[in-house]
Each structure stands twice: as structure tokens, then as C-alpha cells.
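Here is the structure we will look at, set down as C-alpha cells.
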Amino acid sequence: MSDTLDQIVIAGAGMAGLHAAEALRARGFEGRLTLVGEEPHRPYSRPPLSKEVLTGAGMDPASGDPGWLVGHRALRLREDEVIDALDLDLRLGTRAVGLDPVAREVGLIGPDGATSVPYDGLIVATGARARRPGTDLAGVHVLRTLDDAEAVRAAFDTAGHLVVVGAGFVGAEVAASARAVGMEVTLVEAETTPLTRVVDPAIGSVLTEMHRESGVDVRLGVGVTGYEGSDRVERVRLSDGSTVEASLVVVGIGVHLNTEWLRDSGVELLPDGAVRCDAYSATSVPNVYAVGDLADWPHPRYGGRIRLEHWTNASEQGEAAAHNLLAGEGRTAFTPVPYFWSDQYKRKIQLLGQGAPADRVAFVHGSPEDRKFVAFLGRGGMLTGVLGLRSTPRTMRYRHLLERPTTWDEALTAAGAGPTT
Ligand SMILES: Cc1cc2nc3c(=O)[nH]c(=O)nc-3n(C[C@H](O)[C@H](O)[C@H](O)COP(=O)(O)OP(=O)(O)OC[C@H]3O[C@@H](n4cnc5c(N)ncnc54)[C@H](O)[C@@H]3O)c2cc1C
């Protein structure tokens, strides 16, 4: 371990920040470890926010209180004793507002006003926030935080017709959860299939059918041109000239990365606000690393740079960066097999590697008609992704094919499907 690291600051107390903190302690870092989090909550898991929190599956059966989920295992990333044992200087309700790489200080604003904390090593893990629609009407929500999810859950109780804007994984899961509790749902997506950023349209069209079979009114290829109502939303106006009645709207149109506080710090940011990292998750400023949703780094198997908004990546990259910060000369390049899952209509979708863009799709087990399959996705003659629907063991069995370069024909042979000519 480097002997110059006495104090390490982690900005962002989400999945990536918590894993970085745990990995630093596990690797023997005994100095002051400050974990700064803007939200008032201890680190919690976001995936249940669009699933169990909305369906009430994890609600206190006695009181029916969705706030109980804060203390529930479905959300809590660690028990209090486990976090306490990390001996953190834990600053919740505190925002990182600036970085001075010369003085080696992070500027903070918290309950005690403006202050700063010195660092020898810094891990940036401030993640992302939901992009908001251009309206102040009541009844229009986004979903990124626990507080957002509790507000949407409460609104489910009184709303009749939900309009979900955006069929990315958050929007698609909100639609599925709303159907599970019996709401009428319209799902509006500007692209021609759901989840276009993560899966090929051949898969996306199967997902469209899943929504429709479950009773969702899916409107594809149309954008939203306005939200209308007197003080709260009553209807949504679409780009094809139609309107949809709405007593509640949830907007899932992507994120802004929480990196504005790094402007003018010398940490290089890309045009989308992502932090430009090297293969070790290091930024352009010495001893400053970046991890999780906001980190963009070169990956040797995906033909360039990647950035992942995936739960598993946040934990793996947090750990990898902690290792590299302490390792001095012995750093390790971060070359994970990306992994993402989504739960919709009691079906699990899992993606290993990358699902888009793809120039080849082969269903190697099962079929789209059965709503149960494993599909290989390829590009340029290589296997780039494996996607499973209701097929967990079979999907995970092919992970090793993505740990190294595998040609399309080698992959088909491994699946017993035989090479194509
Ligand atoms: C509703 C929802 C459902 C999801 N479901 C899935 C799923 O099923 N599968 C999957 O793979 N992924 C899923 N994800 C994605 C996954 O949760 C994220 O990829 C993961 O949370 C990223 O972790 P992170 O630590 O990088 O960022 P975040 O989770 O965003 O954590 C960053 C933390 O930093 C804090 N912060 C922000 N700015 C500052 C600042 N200036 N100073 C201090 N603190 C700050 C934020 O408040 C936040 O708590 C889901 C995400 C959402 C929102």
C-alpha cells in the first residue's frame, strides 16, 4: 500500500461509494475515511424502487407503511452495525460542491454550512439524477431516489390512469409495477421499441408484446409535446397530435450525471458530463478515481470506451478503484463482463455484455413466442452480448464466453447451435 495515503474521501454514498469504502478497509486502509452523501439516508439499493416499493411487495404488512422499506432488507445495502464497523467519517445530508486538486480539498455544504475536507486520495461516486420534464404541474414525477419512489407509491393509491413517459428500464418497470397493482397504464416511447439503449430491436419487439399482453397501451415512435392541466396534470399531449388522459405521470427519460461540482477542477469531463477515466478508473487528476454511473473508461472488448448505468458495475468498479488507489505500481485494468437485469411482469430479463448495437441476433435456447429464451447478440463477427428472458442458469452459463474475445461461430458452437456459414 502507498504510505502517503492517510485520508481518503469518497464523494457519493450510493452503491459505488459504499463498495469502495468496504474495499478500502478490506485491503487494510486504516486512515481517515470520509464518505459524503447528499441524501439523508444511509446507502440503499435503487433497483427495488421501481419494483417492490411500487408494488408494495416489501411493505410492512402490519401498518401498510411504505416508509418501513427504508429499514427493510429489500432496500438496505448493509445493516447499521456493518456500516459502523467500517469506522467511517460519515457525512450524510452533505453535498460535495468543489474540488481543489492543489490544496487537495473537497468543498462541502452540509448541515453545518460550507466546509471542506482534505484528501490524499479521492473516489468520485456521485452517480446521476433523473432528467426532469419541463413542467411544474403536480402529479408529474421522476424516479431516482427513495423519496421519489415513496411519492410515486403514495400517488398510486389515488391515481386511476398512469402515463409513463420513456420505455427505458425505469419506465418499463414502473409500467409493469403499476399493472401489478391494477392501474390503467399508457407507455409512451419516442423510439420504435423499448430499452433501445441496451437491447437490439429484435429483443425490444418481444418486450413491446409483453407490455401489450399485460394490458398496457403502448405508444411507440411518439414524443411528448406537453403536459396539460389546471394545477395538476390531466392529460399528456403527444407528437402525433393525440392526447392521453392522465391522473399521474412518471417520466423516465434518462439522467444527468452529477459531475457539475468537478468543473474547473482539472478532472476531465466528456460532453455528456461523464468523467473520463483511464483503464484503471483513474481520472486526469492524480489520486482521483471515478466509479459507477458517471465513469467512462476504455474497455478492450467493446471497441472503445464504455459507461454503464448498472447496479453490478457500480459495486465492481467501486472495489476495483479502491484496489488501484491503494496499489501504487500494481494496478489492475478494469475489464468486467457488464451485467444488467430487469424484472417486468414477473419475468427476469438479464443481459451479459452489450446488447446494442448488434448486427446479429440468434435465439439459441427457447423462443420469443414462449417468452422464454437465451439470445446471442453479435457485431463484426464477434459475440458481444447474451440476453436471457426467464432463463437465469442458461444465461449465466455463457458468461465465460464474454470474458475473452469469442467469435460468433465459436459462440454458436458452444451453445450447440453450430456455426453459420
Ligand atoms: C429506479 C431504479 C431502478 C434500477 N433498477 C436496476 C436494475 O434492476 N438492475 C440494474 O442493473 N440497475 C438498476 N438500476 C441502476 C443502478 O441502481 C445504478 O446503476 C446504481 O445505483 C449506480 O450507483 P452509483 O453509486 O454509481 O450512483 P447512485 O446510485 O446515483 O449514487 C450516487 C449517490 O451520490 C449522491 N450524490 C450526488 N451528488 C452528490 C454530491 N455532489 N455530493 C455528495 N453526494 C452526492 C446521490 O445522492 C446518491 O446517493 C436502477 C436505478 C434506478 C434509479
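Bear in mind that the values here come from a model prediction, so they are computed numbers and not experimental data. The analysis underlying the following values was restricted to heavy atoms, covering all of them including side chains, and did not include hydrogens, waters or symmetry mates.
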N-O pairing of R371 and E213 below 4.0 Å: yes
F376 vs F363, ring pair (Phe, Tyr, Trp, His ring centres under 6.0 Å): CA-CA, chis, key distance, verdict: CA-CA 6 Å; F376 283 179; F363 293 91; over 10 Å; no
Flag, side chain of S284 to backbone of G266, donor-acceptor distance under 3.5 Å: yes
Residues S50 and E173: side-chain donor-acceptor under 3.5 angstrom: yes
Least distance between heavy atoms, P194 atom then T208 atom: CD-OG1, 2.9 Å
Side-chain H-bond candidate by donor/acceptor type, H41 with D147, under 3.5 Å: yes
Pair N258-T126, side-chain donor/acceptor within less than 3.5 Å: no
Qualifying salt bridge (Lys or Arg N to Asp or Glu O under 4.0 Å) pairs with a residue from residues 244-264, counting only residues at least two apart or across chains: R129-E260
R331 charged N/C atom sitting above Y280 aromatic ring, 6.0 Å / 45°: yes
Main-chain N/O of R301 paired to H299 side chain as donor or acceptor, under 3.5 Å: yes
Heavy-atom closest contact (A322 atom, A20 atom, distance): CB-O, 3.6 Å
Polar side chain donor-acceptor pair, E38 to T94, under 3.5 angstrom: no
Exam field: side chain N324 to backbone A321, donor-acceptor pair closer than 3.5 Å: no
Pairing residues for A314 by the side-chain contact (heavy atoms from CB on, under 4.5 Å) criterion, not counting sequence neighbours: M15, A16
Salt bridge (Lys or Arg N to Asp or Glu O under 4.0 Å): pairs with one or both residues in residues 303-319, sequence neighbours excluded: R197-E309, D272-R307, D296-R305, R307-E309
Heavy-atom donor-acceptor pair, R179 side chain to M183 backbone, under 3.5 Å: yes
Polar side chain donor-acceptor pair, S281 to W297, under 3.5 angstrom: no
Crowding at CG, D136 (>12 non-hydrogen neighbours, <6.0 Å): no
Distance-only donor-acceptor check, side chains T283 and E268, under 3.5 Å: no
Short side-chain donor-acceptor distance under 3.5 Å, D240 and S242: yes
Backbone N/O of L54 and side chain of S177: donor-acceptor pair under 3.5 Å: no
Electrostatic pair K348-D343, nearest N-O below 4.0 angstrom: yes
Salt bridge present between R25 and E22 (N-O < 4.0 angstrom): no
Main-chain N/O of R237 paired with Y227 side-chain donor or acceptor, under 3.5 Å: no
salt_bridge(E39, R46) N-O dist < 4.0 Å: yes
Distance-only donor-acceptor check, side chains T186 and H161, under 3.5 Å: yes
Nearest heavy atoms of L238 and V188, plus distance in Å: CD2-CG1, 3.9 Å
Flag, side chain of R32 to backbone of D89, donor-acceptor distance under 3.5 Å: no
S214 side chain to R212 side chain, donor-acceptor N/O pair below 3.5 angstrom: no
Aromatic centroids of F169 and F340 separated by under 6.0 Å: yes
Carboxylate-amine/guanidinium proximity below 4.0 Å for E189 and R219: no
